[in-house]
Amino acid sequence: MTDQQTATSATTEPSGGVRVRFAPSPTGALHVGGVRTALFDWLFARGEAKRQGLDGAFVLRIEDTDRNRYVPGAVESLVASLRWFGLDWDEGPDVGGPFAPYTQSERTDRYRAHAESLIAGGHAYRCFCPPDRLERVRAERQAAGLPPGYDRHCRALPAEDVAANLAAGMPHVVRFATPRQGETIVHDLIRGEITYQNATLEDLVLLKSDGYPTYHLANVVDDHLMAITHIFRGPEWIPTAPVHVLLYQAFGWSMPALLHVPLILAPGGGKLSKRHGATGLEEFQAQGYLPEALMNYLVLLGWSYDGTTEIFSRADLLEKFSIRRISASPGTFDHDKLRWFNQHYINHILSVDDLAARVVPFLADTGLVDAAAAAPSHPQHAQVREAAALLKDRLETLAQAPDLMGFLLADALAPYDPLTLVPKKTEPAAALRALEATLAALDEVDLADEAATEARLRGLAEELGLKTGQLFMAIRVAVTGRTQSPPLFATMHVVGADRCRARVAAAADALRRSVATPVPAGD
RNA sequence: GCCCCCAUAGUCUAGCGGCCCAGGACGUCACCCUUUCAAGGUGAAGAUCGCGGGUUCGAAUCCCGCUGGGGGUACCA
């Protein structure tokens, strides 16, 4: 072994089975990029591995080693979002497991011990450089056209100086002593081999001065201790992957397989952030997206099955997902396509009962129904179910339910705008006559017989000398308060005779008042 | 600046040397259906496969360069 030392990460999985982990930081809401990674983890362990007859375990680990960025309650929110999305895990902070604890802040003794062993083996060293010196060095190196970074000042610190500093209680960090020569090969299951010159690598901090580990140490130690076989992570880790390879080598451990999933870009390019709309799972949930639609959309962002199939249920994905078809190129988040998936699931995949149950929380938020109306035994349930059946094809998100279903659930409508009661190419007086005639006709029909109602009202249009469209539109606005609605007779049936009569009468009144003080006719 | 990743229509993608003067989907447009709006159906426009060199009888597919986009460059993950 000369200066051509080479290290390679593992490329094959051990026969014992597959163990993957999703390791978010509790710094805020779960990001769509994170869930997509978690989804790939889950599908690999629960789907692909199982299909190959291997045991597959999905582990949730909390990486809370940055005490400054920790957000109280974030762990609970992460867990809730993951569960809403439809993932479950075999081991984690909430469910325990053989490698507990699964929260890194509770494992600091392990990281410190491993850092010490690295120091003892000559693979790491204590660095006493204060932050201001680090900054100065960075600036100087940059000005000199060198890569910014640490100048390894403390790497050559004599043992007696180290001992003296330690005795004086000087704050310090532990840095990795990166090999100065040779090259390191990172083997990525998605991208193939990536070769780095060790000379370009930095002596990264492993243990911070507050005693907590950095990602680099904690990640390597835990993945090894928890017997992780495959690491799925974002592409932002590619640049430090060679250091991780070197760390495994320094510890004498075998390297898990690496998969750097493709980045999710914002519509304009760059990172996806708040200004591009929702990014956190809770937001998608609040905006009325279905978890299965979001999953379907997200899995296709960076993975494909045959390039033609678009709709995948969770079961389909468990049966068809393969890491071999994960793409290396970044993809742009497209809200329009997500919306299409959501609409498709509501319109064609959800049952009416399912939709009714899911729409209740949104209706309850605006006070239209009781929050308990999702239960079939609840008195309001039947009404919600009828509304769901009627609006199913028109809903893009659950959040639209209050707006689109309100006229079916409320007793009275908001005051009419007389202008909307007068259909295009219709005289206000004719519209008023039509409403008055409709009110009378309502006494003759049974709304439960939609065909008969339609026949009667078509006849009425003829008697009035109006086109069916003109009459029907006037009735539609009177009954629903809007110019767009589900098919008129099914709608009237659900609204019921009493409310229909009251609304048509109220609409006629409103129009009468405005005819007295003429308004411009609808064109 | 330095290191690294990526590159097929506005967007997500299929394609892994000949079946491709490039297939599917979202979006867009038109028509059909129709009492409105949707849903559905049919069809259209949209890609010189980023550019330039190679290799080959033959390249979107392999190699090199360039360009472009992106990521990293913290005692954050």
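The sequence lines fix the lettering, A, B, ..., with proteins before strands; numbering per chain opens at 1.
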Problem set entry | Separation of the P atoms in B:G15 and B:C20, to the nearest angstrom | 15 Å

Exercise. Between B:G18 and B:U56, how far is it from one C1' atom to the other, in whole Å?
Worked result: 12 Å

Problem set entry | B:U56 pairs with, by Watson-Crick or G-U criteria that keep both distances under 3.5 Å | none

Exercise. Any chance the side chains of A:R476 and A:S485 put a donor and an acceptor closer than 3.5 Å?
Worked result: yes

Exercise. Do you see a donor-acceptor pair shorter than 3.5 Å between the side chains of A:R233 and A:H260?
Worked result: yes

Exercise. Do A:S313 and A:D316 get their side chains close enough for a donor-acceptor pair, meaning under 3.5 Å?
Worked result: yes

Problem set entry | Interatomic distance where CE belongs to A:M492 and P belongs to B:U36 [whole Å] | 16 Å

Exercise. Of the nucleotides B:C4, B:U35, B:A39, which one has an atom closest to the side chain of A:P487?
Worked result: B:U35

Exercise. Taking 4.0 angstrom as the limit, do A:E310 and A:K337 come out as a salt bridge?
Worked result: yes

For this session: Determine, for A:E454 against A:R458, whether the closest basic-nitrogen to carboxylate-oxygen distance falls under 4.0 angstrom.
Result: yes

For this session: Among the candidates B:U35, B:U36, B:A39, find the nucleotide nearest to the side-chain atoms of A:N347.
Result: B:A39

For this session: Would you mind reading off the distance between A:I326 atom CD1 and B:C12 atom P, rounded to a whole angstrom?
Result: 17 Å

Problem set entry | Atom P, compared across B:G68 and B:G52: separation rounded to whole Å | 16 Å

Exercise. Phosphate oxygens OP1/OP2 of B:G40: is one of them under 4.0 Å from a side-chain N or O of A:H348?
Worked result: yes

Exercise. Hey, does A:T483 reach any base, or is it just sugar-phosphate, or nothing, if we go heavy atoms under 4.0 Å?
Worked result: base

Exercise. Once you round it to whole Å, what is the distance between C1' of B:C12 and CD1 of A:I311?
Worked result: 13 Å

For this session: Assess the side chains of A:D66 and A:Y212: does a donor N or O sit below 3.5 Å from an acceptor N or O?
Result: no

So which protein N/O to nucleotides 21-23 of chain B N/O distances come out below 3.5 Å?
residue: B:G23; atom: N2; partner: A:G307; partner atom: O; Å: 2.9

For this session: Report the residues that fulfil side chain to side chain contact (heavy atoms under 4.5 Å, CB included) with A:A388, sequence neighbours left out, ordered by chain and then residue number.
Result: A:V352, A:L355, A:A356

Exercise. Has A:Q343 got a side-chain N or O lying under 4.0 Å from the OP1 or OP2 atom of B:A39?
Worked result: yes

Exercise. Less than 6.0 Å separating the ring centroids of A:F489 and A:F472?
Worked result: yes

For this session: Could you measure between the two C1' atoms, the one in B:C76 and the one in B:A22, and give it in whole Å?
Result: 44 Å

Problem set entry | Toward the 5' end of RNA chain B, by each residue's nearest nucleotide, A:E454 or A:Q197 | A:Q197

Problem set entry | Pairwise P distance for B:U55 and B:G72, with rounding to whole Å | 40 Å

Exercise. A:P262 near the nucleic acid: base, sugar-phosphate alone, or nothing, with a heavy-atom cut-off under 4.0 Å?
Worked result: nothing

Problem set entry | Residue matched to B:C51 through Watson-Crick or wobble contacts both under 3.5 angstrom | B:G65

Exercise. Within this structure, what is the NE2-to-C1' distance between A:H244 and B:A77, rounded to whole angstrom?
Worked result: 10 Å

For this session: Provide the distance between the two C1' atoms, one in B:C49 and one in B:A14, to the nearest whole Å.
Result: 12 Å

For this session: Tell me what A:E63 touches on the nucleic acid: a base, only sugar-phosphate, or nothing, going by heavy atoms under 4.0 Å.
Result: sugar-phosphate

For this session: Quote, to the nearest angstrom, the P distance that separates B:G40 from B:A45.
Result: 22 Å

For this session: Kindly write out the residues that satisfy side-chain hydrogen bond (donor to acceptor under 3.5 Å, both in side chains) with A:Q142, not counting sequence neighbours, or none if the list is empty.
Result: none

For this session: Using Watson-Crick or G-U wobble geometry with both distances below 3.5 Å, tell me the partner of B:G1, or none.
Result: B:U73

Problem set entry | Spacing of A:R339 atom CZ relative to B:A39 atom P, expressed in whole Å | 12 Å

Exercise. For B:C26, what is the paired nucleotide under Watson-Crick or G-U wobble rules, both distances under 3.5 Å?
Worked result: B:G10

Exercise. When only distance counts, do a donor and an acceptor, one from the side chain of A:R394 and one from the base of B:C37, lie under 3.5 Å apart?
Worked result: yes

Exercise. Is any side-chain N or O of A:R325 closer than 4.0 Å to OP1 or OP2 of B:G15?
Worked result: yes

Exercise. When you measure from the centre of the six-membered ring of A:F407, is the NZ or CZ of A:R482 under 6.0 Å away and within 45° of the axis?
Worked result: no

Exercise. Roughly, in whole Å, what's the span from CZ in A:F22 to C1' in B:A77?
Worked result: 12 Å

Exercise. With respect to the phosphate group of B:U35, does any side-chain polar atom (N or O) of A:R458 fall under 4.0 Å of OP1 or OP2?
Worked result: yes

For this session: Tell me which of A:Y196 and A:R476 sits closer to the 5' end of RNA chain B, going by the nucleotide each one is nearest to.
Result: A:Y196

Problem set entry | Pairwise C1' distance for B:A9 and B:C33, with rounding to whole Å | 30 Å

Exercise. Should the pair A:F333 and A:H335 be assigned to parallel (<30°), tilted (30 to 60°) or perpendicular (>60°) ring geometry?
Worked result: perpendicular

For this session: Indicate whether any N or O donor in one side chain lies under 3.5 Å from an N or O acceptor in the other, for A:E183 and A:N198.
Result: no

For this session: Identify whether any heavy atom of A:L488 sits under 4.0 Å from a base atom; if not, whether one sits that close to sugar-phosphate; answer base, sugar-phosphate or nothing.
Result: base

Seminar exercise, completed: Rounded to whole Å, the CG-C1' distance (A:L391 to B:U36) equals 13 Å

Below 3.5 Å between N/O atoms, which protein atoms pair up with nucleotides 9-11 of chain B? Just atom names and distances, please.
residue: B:U11; atom: O3'; partner: A:T332; partner atom: OG1; Å: 3.4

Seminar exercise, completed: Checking N1-N3 plus N6-O4 or O6-N4 for Watson-Crick, or N1-O2 and O6-N3 for wobble, each under 3.5 Å, the partner of B:C31 is B:G41

Exercise. Touch check for A:P24, heavy atoms < 4.0 angstrom, all strands: base, sugar-phosphate only, or nothing?
Worked result: nothing

Problem set entry | Ring centres under 6.0 angstrom apart (A:F40, A:W303) | no

Would you tabulate the nitrogen or oxygen pairs shorter than 3.5 Å linking the protein to nucleotides 70-76 of chain B?
residue: B:G72; atom: OP1; partner: A:K271; partner atom: NZ; Å: 3.2
residue: B:C75; atom: O2; partner: A:S209; partner atom: N; Å: 2.7
residue: B:C75; atom: O2; partner: A:S209; partner atom: OG; Å: 2.7
residue: B:C75; atom: N3; partner: A:S209; partner atom: OG; Å: 3.0
residue: B:C76; atom: OP2; partner: A:K208; partner atom: NZ; Å: 3.2
residue: B:C76; atom: O2'; partner: A:D66; partner atom: OD2; Å: 2.7
residue: B:C76; atom: O2'; partner: A:R69; partner atom: NE; Å: 3.2
residue: B:C76; atom: O2'; partner: A:R69; partner atom: NH2; Å: 3.1
residue: B:C76; atom: O2; partner: A:R69; partner atom: NH2; Å: 3.3

Problem set entry | Nearest to side-chain heavy atoms of A:S329, which nucleotide of B:A7, B:A77, B:A14 | B:A7

For this session: Would you please name every residue forming a side chain to side chain contact (heavy atoms under 4.5 Å, CB included) with A:T240, sequence neighbours left out?
Result: A:L204, A:H216, A:W237, A:H244

Problem set entry | A:Y125 and A:D203 side chains, donor-acceptor separation under 3.5 Å | yes

Exercise. Within this structure, what is the CG-to-P distance between A:L350 and B:A39, rounded to whole angstrom?
Worked result: 17 Å

